[in-house]
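First the structure, in the form of structure tokens, and then the observations on it.
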2 protein chains.
Amino acid sequence: MALRKTFLFMDTITNKVDAKGRVSLPSDYRAIVKELSTEIVCYRSLTSPCIEGCLEDLLDKLATDMENSLDFFSQTQDDLTNLIFGDAKRFAFDSTGRIVLTEKLLKHAQITDTAVFVGKGRKFQIWNPENWEKEEARIRAEVLKNRPSLAPKENAQ
Amino acid sequence: MALRKTFLFMDTITNKVDAKGRVSLPSDYRAIVKELSTEIVCYRSLTSPCIEGCLEDLLDKLATDMENSLDFFSQTQDDLTNLIFGDAKRFAFDSTGRIVLTEKLLKHAQITDTAVFVGKGRKFQIWNPENWEKEEARIRAEVLKNRPSLAPKENAQ
DNA sequence: TTATATAACATGGGAAAATATGGTATGCAA
DNA sequence: TTGCATACCATATTTTCCCATGTTATATAA
């Protein structure tokens, strides 16, 4: 393990996807990946119409956690991890910083010519622009409603 | 983890924002950042028309806490990470001490050519001057009303 | 205290580097 | 050969870096 500085995927970046499925990984993301590895892992989100990406470390950690607490997890969650590992695939980026997304992933996320990268800390997601717009609105409404501790004031002006 | 002296963002400083979105981070703030890191993280405040900034540690801790919750598939956790990390972005300052704020952040805070930095301890905020003037007045009024113990005398200032 | 010198800071402009993205060539397999 | 996937090259744009200058703060000496 290298110096465990903080490596977090952040920000929301929109990039173009060409006819070959090529898309530039945001440079901030690339910097993180280069620091710890050479490639990322992507898979279809289990819960949303989007692609999820992370470093292989994270999936390794997931596997370990599952091993160490089998009783703790429900059969359902066990099944879900099977789905993830069955679906996940490594993606290396070329000298210009692009990865080539597969038909399967693009279809799941309904992405055609534009992709939105959304940071999630140790992970990130890739969305169709319209879908992300809706999703972000939904989340903001949800969080403000159910997590008032994050929004102490009514709302200023 | 350097010597855990007290590192608090304080004071209120007004600086100019140029056409490129560049603005000098107050030198006091810079001194704090340099002590622990090389860059800051900024994001749109959830509750106010302003930008919030902090050190990356704060967000890293959040990411770790969420990982350790063993709740890999939690919907709430999912929403929160999207909202927080999707909006946050790292900003390094150049040799002259400036950062380049993004359109998104500037728009949210209604900042055009002038920015007011307001210390908040572990965090700080960046405001449009007029908005901050109003907000400060509102806060003072609020505090005097709800926390009379803090204002033993007739009125300060 | 006042005046002057010195250092630190804020800010504007332009050059250099990095990034995103389209196109072309190359290699492999059907 | 043809189709497909990967690697390489070219360029417009964006971002970052560097230098110059005015301003403010600090220190020193009269």
Side-chain angles (χ1 to χ4, degrees), chain A residues 9-35 38-42 51 53 89-107 111-119 124 126-129 132, chain B residues 9-35 37-42 51 53 56 88-107 109 111-119 124 126-129 132:
Chain A
F9 294 108
M10 294 190 208
D11 204 4
T12 299
I13 279 101
T14 300
N15 282 340
K16 289 200 177 170
V17 181
D18 70 14
K20 301 175 187 174
R22 292 185 301 186
V23 61
S24 287
L25 198 67
S27 63
D28 280 1
Y29 291 18
R30 244 152 50 208
I32 294 176
V33 177
K34 275 186 182 171
E35 196 84 21
T38 57
E39 49 195 15
I40 57 174
V41 174
C42 289
I51 303 164
K89 176 172 158 56
R90 295 192 186 90
F91 291 86
F93 47 83
D94 63 24
S95 58
T96 66
R98 280 182 290 198
I99 57 175
V100 183
L101 294 170
T102 63
E103 225 7 87
K104 183 175 76 173
L105 292 174
L106 290 170
K107 188 179 171 191
I111 293 171
T112 55
D113 59 356
T114 308
V116 180
F117 292 79
V118 182
F124 61 87
I126 313 176
W127 288 78
N128 160 304
W132 169 244
Chain B
F9 295 108
M10 296 189 210
D11 204 2
T12 299
I13 279 99
T14 301
N15 282 339
K16 288 201 178 170
V17 181
D18 70 15
K20 299 178 185 175
R22 290 185 301 187
V23 61
S24 287
L25 199 67
S27 62
D28 281 1
Y29 291 18
R30 243 150 52 206
I32 294 176
V33 177
K34 274 186 181 169
E35 196 81 23
S37 171
T38 57
E39 48 197 16
I40 58 173
V41 173
C42 290
I51 302 165
E56 200 168 347
K89 178 170 161 57
R90 298 160 71 175
F91 291 88
F93 47 84
D94 61 26
S95 58
T96 66
R98 282 181 290 194
I99 57 174
V100 184
L101 294 171
T102 63
E103 248 334 292
K104 183 176 78 173
L105 291 175
L106 291 170
K107 188 179 171 191
I111 293 171
T112 55
D113 59 357
T114 309
V116 180
F117 291 79
V118 183
F124 60 87
I126 312 176
W127 288 78
N128 160 304
W132 170 244

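Chain naming here is simple, since letters A, B, ... match the order of the sequence lines and numbering starts at 1 in each.
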So which pairs with a foot in residues 20-29 of chain B pass salt bridge (charged side-chain N to carboxylate O under 4.0 Å, His left out), sequence neighbours left out?
-> B:Asp18-B:Arg22

Where do B:Ile126 and B:Ala109 come nearest, in terms of heavy atoms and distance?
-> O-CB, 4.1 Å

Under a 4.0 Å heavy-atom criterion, DNA chain C is touched by chain B from C:dC9 to C:dG14

Residues which pass side chain to side chain contact (heavy atoms under 4.5 Å, CB included) with B:Thr14, listed by chain and number, not counting sequence neighbours | B:Thr114, B:Val116

Going by the angle between their ring planes, with limits at 30° and 60°, are A:Phe124 and A:Phe9 parallel, tilted or perpendicular?
-> perpendicular

Every protein N/O lying under 3.5 Å from an N/O of nucleotides 14-17 of chain D:
residue : atom : partner : partner atom : Å
D:dC17  : N4   : B:Arg22 : NH1          : 3.3

Can you label the angle between the A:Phe117 ring and the A:Tyr29 ring as parallel, tilted or perpendicular, going by 30° and 60°?
-> perpendicular

Is there a donor-acceptor pair closer than 3.5 Å between any side-chain N or O of A:Asp11 and the backbone N or O of B:Lys89?
-> no

Side-chain donor or acceptor of B:Asn15 paired with backbone N/O of B:Val23 under 3.5 Å = no

In degrees, rounded to 10°, what is the bend between the two ends of the helix from C:dT1-D:dA30 to C:dA30-D:dT1, using five pairs at each?
-> 30°

Of B:Thr14 and A:Thr14, whose nearest nucleotide on DNA chain C comes first from the 5' end?
-> B:Thr14

Would you mind classifying the nucleic acid contact of A:Ser27 as base, sugar-phosphate or nothing, using non-hydrogen atoms under 4.0 angstrom?
-> sugar-phosphate

Of all heavy-atom pairs between A:Phe93 and A:Ile99, which one has the smallest distance, and what is that distance?
-> CB-CG2, 3.8 Å

Do any pairs count as a side-chain hydrogen bond (donor to acceptor under 3.5 Å, both in side chains) and have a residue in residues 91-107 of chain B, sequence neighbours left out, and if so which ones?
-> B:Asp87-B:Lys104, B:Asp94-B:Thr96, B:Thr96-B:Arg98

Are any of the side-chain heavy atoms of A:Trp132 and A:Thr12 separated by less than 4.5 Å?
-> yes

